[in-house]
Amino acid sequence: MSNLQKKVLITGATRGIGKSMAETLFSQNYKIIGTATSDEGVEILNSKGFLGIKLDLNNADSLNHISEKLKEEHKDISILINNAGITKDNIVLRMSDDEWGDVINIHLNGMFKLCKTVLKGMIKSRWGRVINITSASASLGNRGQSNYAAAKAGVEAFSKSLSKEVGPRGITVNCVAPGFIETDMTSYIDEKAKEELIKQIPLGRFGKPEEISQIIEFLVSDQSSYITGQTIHVNGGLYM
Ligand code: NAP
């Protein structure tokens with residue numbers, strides 16, 4: 001199958017890493033379905049030549065609706081990239097049930113539901129790629145990020161299990177775990193804190209979204225055909 005025929009579903013394609021991935025894969029002739037949480041986001045995705053769809057991973061109705069729509073109209077998705085994510089940082093003693101639940105829900109429940117939605121089509125065509133974006137926090141732990149680290153570690157464990165279930169059907173399941181990448185998600189970090197963090201990164205800087213997309217481009221391709229159940233760390237040496 002040429003790239004031209006391969007359909008990719010990317011959650012959170014509006015900004016940051018997801019946007020970079022969508023643009024990179026589109027430039028390689030993949031068909032892109034990207035999700036956004038707002039109508040404006042959907043319009044921007046459509047204006048780039050992608051198919052934009054509105055999805056709130058923290059809303060069961062939205063997720064169920066999109067899941068049914070994808071099953072009916074896009075049975076031929078061969079690549080799923082679960083990228084959308086949020087942080088709601090707090091120390092455990094102060095963390096609210098919502099801060100815990102929203103982060104677990106978006107990363108774990110949303111990913112589970114979307115995997116289930118697209119796997120049937122991949123099994124039928126005996127080819128598929130599932131890539132889940134996790135985080136160095138899953139391996140390192142991070143003060144104030146117990147919800148996020150737990151969710152991302154859960155995604156990594158889920159991915160290993162799924163890779164064992166669907167490997168015999170020609171489907172690979174891998175995670176990409178970024179370190180600190182320059183996006184809206186890290187824009188709240190003030191300059192002083194950033195300087196301290198950079199001291200812990202052997203390559204001496206935050207990464208760029210493109211440095212994640214380049215790995216994604218490889219992982220969705222046939223060149224990665226013997227890699228499954230892995231977490232690829234892209235973090236400038238922050239975690240090794
Ligand atoms: P970002 O710039 O903040 O973008 C987040 C994306 O997720 C947006 O496209 C957003 O859509 C979407 N999103 C947020 N809430 C959503 C919801 N409830 N339902 C559906 N989509 C939702 O983040 P990023 O830095 O690119 O992060 C992308 C992935 O990389 C995440 O999984 C993140 O955990 C992971 N990661 C990032 C870093 C980093 O340093 N940046 C490090 C490690 C891992 P809207 O634009 O419509 O809101």
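In listed order, ligands and their atoms are each counted from 1. Along the sequence shown, residues carry numbers from 1.
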Quick look: Lys19 vs ligand 1, heavy-atom contacts under 4.0 Å, and the answer is neither
Got a second to check how far Leu57's CG is from Lys113's NZ, nearest 0.5 Å? 12.0 Å
Logged contact type for Thr186 with ligand 1, heavy-atom cut-off 4.0 Å, is side chain
Closest to atom 32 (O) of ligand 1 (heavy atoms only, candidates Ile133, Asn83, Ile44) is Asn83
Side chain to side chain, Leu25 and Val220, heavy atoms closer than 4.5 Å: yes
Just heavy atoms, cut-off under 4.0 Å: does Asn59 contact ligand 1 by side chain, backbone, both, or neither? neither
Ion pair present between Glu196 and Lys199, side-chain N to carboxylate O less than 4.0 angstrom? yes
For the 3.5 Å polar cut-off, considering only N or O atoms, please tell me whether Leu57 and ligand 1 meet it. yes
Does ligand 1 have an atom under 4.0 Å from some heavy atom of Ala177? no
Note: heavy atom closest to atom 40 (O) of ligand 1, options Ile181, Val234, Thr35, belongs to Ile181
Heavy-atom distances under 4.0 Å decide this one: backbone, side chain, both or neither, for Phe206 against ligand 1? neither
Going by distance only, is there an N or O of Pro178 that falls short of 3.5 Å from an N or O of ligand 1? no
For ligand 1, is Asp56 a contact, meaning one of its heavy atoms is under 4.0 Å away? yes
Ion pair check, Glu43 and Lys48, cut-off under 4.0 Å: no
With side-chain hydrogen bond (donor to acceptor under 3.5 Å, both in side chains) as the test, would you mind laying out the steps for Asp222 and Trp127 before giving the verdict? CA-CA 10 Å; Asp222 280 326; Trp127 195 97; 3.1 Å; yes
Looking only at heavy atoms, is any part of Ile86 under 4.0 Å from ligand 1, and if so is it the side chain, the backbone, or both, or is it neither? side chain
Gly41 near ligand 1 by a heavy-atom separation under 4.0 Å: no
Just checking, is any N or O donor in the side chain of Glu217 or Thr24 under 3.5 Å from an acceptor N or O on the other one? no
Would Glu68 and Lys71 pass as an ion pair if we require N to O under 4.0 Å? yes
Would you mind checking if Glu182 and Lys194 are paired as a salt bridge, meaning a charged N to carboxylate O distance below 4.0 Å? yes
Just go through Asn132, Thr14, Leu55 and tell me whose heavy atom is the nearest to atom 46 (O) of ligand 1. Thr14
